[in-house]
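Below: one structure, written as structure tokens.
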There are 2 protein chains.
Amino acid sequence: MRTLDHPSRGEMRLDAVLAALADPVRRTVACKLNDAFGDHACATFELPVSKSTATYHFRTLREAGVIRQEYEGTKIMNTLRKDDLDARFPGLLDAVFAAQNIERAEATAPESRD
Amino acid sequence: MRTLDHPSRGEMRLDAVLAALADPVRRTVACKLNDAFGDHACATFELPVSKSTATYHFRTLREAGVIRQEYEGTKIMNTLRKDDLDARFPGLLDAVFAAQNIERAEATAPESRD
DNA sequence: ACTCTACTACGATGAATTTCGTACTACCAA
DNA sequence: TTGGTAGTACGAAATTCATCGTAGTAGAGT
């Protein structure tokens, strides 16, 4: 059984977490994991990049501690490490997701005030 | 009188704000502005980079909307755009500063548990 | 055993970021 | 008007990042 390395809570670095979440592709992955229930294989995300680029983004998220990746047969199941992140950097993840939702709402709604 | 461009609240992009705060030098600047009262000239920060690199980081922060820069004579006074950021992306700035303080505390304190 | 699926590893490439030094500008003060 | 202060602009170099294609692997299904 293959396994993948993850940072422990204490090993999580703010630098890495912020950099991971600063990229729109990766933030999309994190947001989808937050919105959905349970695990999700990499292939289910329909990202606007190639498969090898997707691998790179998933690895970046994992190494930052944002997601957990576990093999299940040939698939990798991804979960958001919400509990760990909340324990390590309280409020950060929720604030980022809230901000993401604000921007997403603007993208569809008619621009109102600045 | 020279002036500098700033994004309005609505023009602030989450991408840019997170990228701005992901860099340790820039995050240090933002944190110091948060901790201190009033305005602060660029030169007062004692950053571990050259003057021209510092200019680059201040500009990055300003263009993301994190700080406001206003000329005052030959100096530039920097302020944290806390109200604007809080209005635009509620809770984000506070969560980042809290996280930064957690890491800073670890750096000085003896490592305890992960 | 073969094939399919879902991924990774590797190497390459182009873009963006960070860094710097030098030269410059705007303003203040003597 | 001469000089000092606090910054910018520009160009260059080094590094990192995001991207891809190709080739490969581990496990599941037939």
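Note on naming: letters A, B, ... go to the chains in the order of the sequence lines (proteins, then strands), and numbering restarts at 1 for each one. Not measured: the values here are computed from a predicted model.
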Mind calculating the distance between [atom1] ([X]) and [atom2] ([N]) to the nearest angstrom?
X: Glu72(B); N: dC27(C); atom1: CD; atom2: P; answer: 13 Å
X: Leu47(B); N: dA6(D); atom1: CG; atom2: P; answer: 15 Å
X: Glu63(A); N: dA9(C); atom1: CD; atom2: C1'; answer: 13 Å
X: Phe58(A); N: dC7(C); atom1: CZ; atom2: P; answer: 8 Å
X: Gln69(B); N: dT8(D); atom1: CD; atom2: P; answer: 6 Å
X: Arg2(B); N: dG7(D); atom1: CZ; atom2: P; answer: 10 Å
X: Leu4(B); N: dG7(D); atom1: CG; atom2: C1'; answer: 10 Å
X: Ile76(A); N: dA26(D); atom1: CD1; atom2: P; answer: 13 Å

Between [X] and [Y], does any side-chain N to carboxylate O distance fall below 4.0 Å?
X: Arg26(A); Y: Glu63(A); answer: no
X: Arg88(B); Y: Glu106(A); answer: yes
X: Asp5(A); Y: Arg62(A); answer: no

Problem set entry | Shortest non-hydrogen separation from Thr74(A) to Arg2(A) and the atoms involved | CA-NH2, 4.2 Å

Exercise. What is the nucleic acid contact for Ala41(A), judged by heavy atoms within less than 4.0 Å: base, sugar-phosphate only, or nothing?
Worked result: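 Here Ala41(A) touches the backbone only, sparing every base.
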
Exercise. Among dA9(C), dT8(C), dC28(C), which is the nearest nucleotide to the side chain of Arg59(A)?
Worked result: dA9(C)

Exercise. So which pairs with a foot in residues 20-48 of chain B pass ring-ring contact (aromatic ring centres under 6.0 Å, His included), sequence neighbours left out?
Worked result: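 Matches after skipping sequence neighbours: Phe45(B)-Phe58(B).
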
Exercise. Heavy-atom count around Lys75(A) NZ within 6.0 Å, excluding the residue itself: above 12?
Worked result: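 Counting other residues, nucleotides and ligands, NZ of Lys75(A) stays at 12 neighbours or fewer.
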
Exercise. Do the side chain of Lys51(B) and the base of dG7(D) come within less than 3.5 angstrom through a donor-acceptor pair of N or O atoms?
Worked result: yes

Exercise. Do any N or O atoms from the side chain of Gln100(A) and from the backbone of Arg27(A) form a donor-acceptor pair under 3.5 angstrom?
Worked result: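 Not at all, since once roles are kept as given, no pair shorter than 3.5 Å links the two residues.
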
Seminar exercise, completed: With sugar-phosphate taken as primed atoms, P, OP1 and OP2 and all else as base, the protein-contact string of nucleotides 14-19 of chain C at under 4.0 Å (heavy atoms; B, S, -) is ---SBB

